[in-house]
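Working notes, structure below.
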Amino acid sequence: MKTKKMMKSILPQSFYARNTVTIARDLLGKQLICHIDGIIREGIIVEAEAYCSDNDPASHAFSGKTKRNTAMFGPAGHAYIYFIYGNHYCFNIVAKEDAVNAGAVLIRAIEPIIGIEHMQKARGNHQTNINLTNGPGKLTQAFNINLSHNNCNLTKKEKLWIVEDHNTESMVTVCTPRIGIKSATDYIWRFYIKDNPWVSR
DNA sequence: CACCCGATTATCT
DNA sequence: GATAATCGGGTGT
């Protein structure tokens with residue numbers, strides 16, 4: 001008889017081929033697994049925002065395809081990563097219905113689970129606990145995610161992928177306007193896990 | 001080629 | 001809460 005170790009199942013391509021806003025909400029409580037530079041790091045997604053297509057003035061895709069945002073127009077379930085404010089990378093997941101041009105979910109905060117000592121090292125040793133991953137630029141630094149991971153396929157166990165987390169029964173989701181944007185502030189497309197200490201604000 | 005600005009963060013007061 | 005740091009992308013000349 002086989003040894004049965006309960007493996008959490010990887011989110012399939014069909015998970016990402018749905019409405020962008022729905023996916024942003026559904027990603028809460030899911031577990032990001034990251035194999036980069038021979039190091040394993042994992043954490044729970046606790047905050048995310050939806051960015052849609054030409055119906056969303058705050059989205060990079062609003063004015064059409066450019067060199068930077070090409071991944072947003074590509075297949076759902078891949079990574080879209082961009083550099084911002086001269087310092088930081090932001091990690092997004094391409095998420096959209098097949099009929100829609102573009103769309104992605106920004107991962108804004110993660111609760112660290114595995115590889116915490118590596119995250120501390122990547123962030124600088126003076127950074128501890130919640131400061132490791134409680135912001136979009138912080139978590140990419142902690143996980144060593146950068147432009148080389150743009151377009152990475154998240155539906156295969158290569159460098160980045162996401163699995164179900166089975167301990168979400170008591171999770172409460174909060175919805176608010178998105179952070180750091182000046183248009184479409186009436187769209188309630190930010191989601192986070194209530195009372196989770198790693199949420200950015 | 002010059003200009004403007006941003007899905008942020010750290011470091012002040 | 002206010003703001004400097006920092007630089008690539010996008011736009012227009």
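Residue numbering restarts at 1 for every chain, and letters A, B, ... go by the order of the sequence lines. No hydrogens, no waters, no symmetry mates; every other heavy atom, side chains included, goes into these values.
- What separates NE2 of His60(A) from C1' of dG6(B) is a distance of 7 Å, to the nearest Å.
- The closest donor-acceptor contact from the side chain of Ser53(A) to the backbone of Asn55(A) lies at 3.5 Å or more, if one exists at all.
- When rounded to the nearest whole Å, the span between NZ of Lys182(A) and C1' of dT8(B) equals 13 Å.
- Heavy atoms only, all atoms of each residue included: Arg108(A) and Glu47(A) are closest at NE-OE2, 2.8 Å.
- Note: CD1 (Ile130(A)) to C1' (dA10(B)) measures 14 Å, nearest angstrom.
- Counting only distance, with no hydrogens or angles, the side chain of Asn196(A) and the backbone of Ile193(A) share no donor-acceptor pair below 3.5 Å.
- Residue-to-nucleotide proximity on DNA chain C shows that, of His88(A) and Leu147(A), the 5′-proximal contact is made by His88(A).
- Nucleic acid contact class of Arg178(A) (heavy atoms, under 4.0 Å, all strands): none.
- In this structure, the CE atom of Met72(A) is 17 Å from the P atom of dG9(C), given to the nearest Å.
- Between Arg108(A) and dT8(B), a side-chain N or O to OP1/OP2 separation shorter than 4.0 Å is present.
- There is a side-chain donor-acceptor pair under 3.5 Å between Asn19(A) and Thr22(A).
- Note on Ile181(A): only backbone sugar-phosphate atoms sit closer than 4.0 angstrom, heavy atoms only; bases stay farther off.
- DNA chain B is contacted by both Gln141(A) and Ala58(A); Ala58(A) maps to the nucleotide lying nearer its 5′ end (nearest heavy atom per residue).
- Of the listed nucleotides (dT11(C), dA5(C), dA7(B)), dA5(C) has the atom at the smallest distance from the side chain of Asn87(A).
- Between Asn134(A) atom CG and dT9(B) atom P there is a gap of 8 Å when expressed in whole angstrom units.
- Atom pair Tyr89(A):OH and dC7(C):P shows a separation of 11 Å (rounding to whole Å applied).
- Of the candidate nucleotides dA5(C), dA7(B), dC7(C), dC7(C) has the atom nearest to the side chain of Phe83(A).
- As a whole-Å value, the separation of Ile93(A) CD1 from dA7(B) P is 18 Å.
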Dot-bracket for DNA chain B: what is it, with Watson-Crick or G-U pairs under 3.5 Å, [ ] where a pair crosses earlier ones, and | for a pair to another strand? ||||||.|||||.
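- Of the candidates dT9(B), dA7(B), dT11(C), the closest approach to any side-chain atom of Tyr51(A) belongs to dA7(B).
- In this structure, Gln13(A) contributes its side chain and Ala76(A) its backbone to a donor-acceptor pair below 3.5 Å.
- Between the side-chain ring of Tyr85(A) and the base of dA5(C), no stacking contact exists by the 5.5 Å and 30° definition.
- Residue Thr66(A) has a polar side-chain atom (N or O) positioned under 4.0 Å from OP1 or OP2 of dG10(C).
- For Tyr51(A) and His60(A), the distance between ring centers is not under 6.0 angstrom.
- The phosphate of dG10(C) (OP1 or OP2) has a side-chain N or O of Arg68(A) nearer than 4.0 angstrom.
- The residue among Asn69(A) and Gly86(A) whose nearest nucleotide of DNA chain C is located toward the 5' end is Gly86(A).
- Checked against the 6.0 Å centroid threshold, Tyr82(A) and Tyr80(A) count as a close aromatic pair.
- For Lys138(A), taking side-chain heavy atoms from C-beta onward, the closest of the listed nucleotides dA5(C), dG10(C), dA10(B) is dA10(B).
- Here Asp186(A) does not pair with Arg178(A) in a salt bridge; the nearest charged N to carboxylate O distance is not below 4.0 Å.
- What separates OH of Tyr82(A) from C1' of dC5(B) is a distance of 14 Å, to the nearest Å.
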